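One structure below.
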Amino acid sequence: MGLAAVDRLYLITDGSSVYGGADLVDKVIEALKGGVRLVQLREKDLGGKDLLKLALRLRSVTDNFGARLLINDRMDVALLSGADGAHLGQSSVPASDARKMLGGGKLIGVSAHS
């Protein structure tokens, strides 16, 4: 399953759950209203429980906008939240293992630095 033209506007959260005093979910909603159709949740400072809670909130929001949700580096959170896939960094599980865990219908992104 590849990215369609409508999926090309892609938001990556930047590692902070607070944006100028605004809730991250509110900022994501603003971005979705502006045309974003894929959100990568990249909140590296959150623990598993808080990350899952946020992912579940974002799953609901992205569903309402017909957008996709990827979870950065956390296969467990991707699976438990019902995300559309995962984004893997250089120290993540190999993409082939991620595919086995997620199944064929999910998106997998991989960071490439060269």
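Computed from heavy atoms alone, side chains included, the values below leave out hydrogens, waters and symmetry copies. Worth saying up front: this structure is predicted, and the values here are computed from it rather than measured.
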Do the side chains of Glu43 and Leu24 get nearer than 4.5 Å, heavy atoms only?
yes

Would you confirm whether Lys106, through its side chain, and Ala83, through its main-chain N or O, come within 3.5 Å as a donor-acceptor pair?
yes

Lys27 with Asp14: basic N within carboxylate O range, under 4.0 Å
no

For Leu79, check side-chain contact (heavy atoms from CB on, under 4.5 Å) against everything at least two apart and list the hits.
Leu102

Decide yes or no on side chain to side chain contact (heavy atoms under 4.5 Å, CB included) for Leu38 and Leu107, but give the supporting numbers first.
CA-CA 11 Å; Leu38 195 147; Leu107 297 173; 4.1 Å; yes

Working to the nearest 0.5 Å, report the span between CD1 of Ile12 and CG of Asn72.
8.0 Å

Can you run down the salt bridge (Lys or Arg N to Asp or Glu O under 4.0 Å) pairs that involve residues 86-104, sequence neighbours left out, and say none if there aren't any?
none

With salt bridge (Lys or Arg N to Asp or Glu O under 4.0 Å) as the rule and sequence neighbours excluded, what pairs involving residues 72-83 come up?
Arg74-Asp76

One pair to check against side chain to side chain contact (heavy atoms under 4.5 Å, CB included): Leu9 and Arg37. What are the steps and the verdict?
CA-CA 6 Å; Leu9 190 52; Arg37 289 296 167 259; 6.0 Å; no

To the nearest 0.5 Å, what is the distance between CG on Leu54 and OG1 on Thr13?
7.5 Å

Measuring from atom CG of Leu69 to atom CG of Asp63, what distance do you get when rounded to the nearest 0.5 angstrom?
8.5 Å

Any side-chain heavy-atom pair of Leu70 and Tyr10 under 4.5 Å:
yes

side-chain contact (heavy atoms from CB on, under 4.5 Å) against Lys49, all qualifying residues, sequence neighbours excluded
none

Ala55: side-chain contact (heavy atoms from CB on, under 4.5 Å) partners, not counting sequence neighbours:
Leu41, Ile71, Val77, Ser81

Out of curiosity, Arg42 CZ to Leu11 CG, how far, rounded to the nearest 0.5 Å?
12.0 Å

Treat each ILVMFWY residue as a node, draw an edge where side-chain heavy atoms are under 4.5 Å apart, and state whether Leu52 and Met101 are in one component.
no

Qualifying residues under salt bridge (Lys or Arg N to Asp or Glu O under 4.0 Å), relative to Asp50, sequence neighbours excluded:
none

Shared ILVMFWY cluster between Leu58 and Met75, side chains joined below 4.5 angstrom?
no

Is there a path of hydrophobic side-chain contacts, each under 4.5 Å between heavy atoms, that joins Val61 and Leu51?
yes

Taking the side chain as every heavy atom from C-beta outward, state whether Arg59 and Asp84 have any pair of such atoms under 4.5 Å apart.
yes

Are Ile29 and Leu56 connected, step by step, through hydrophobic side chains (Ile, Leu, Val, Met, Phe, Trp, Tyr) whose heavy atoms are closer than 4.5 Å?
yes

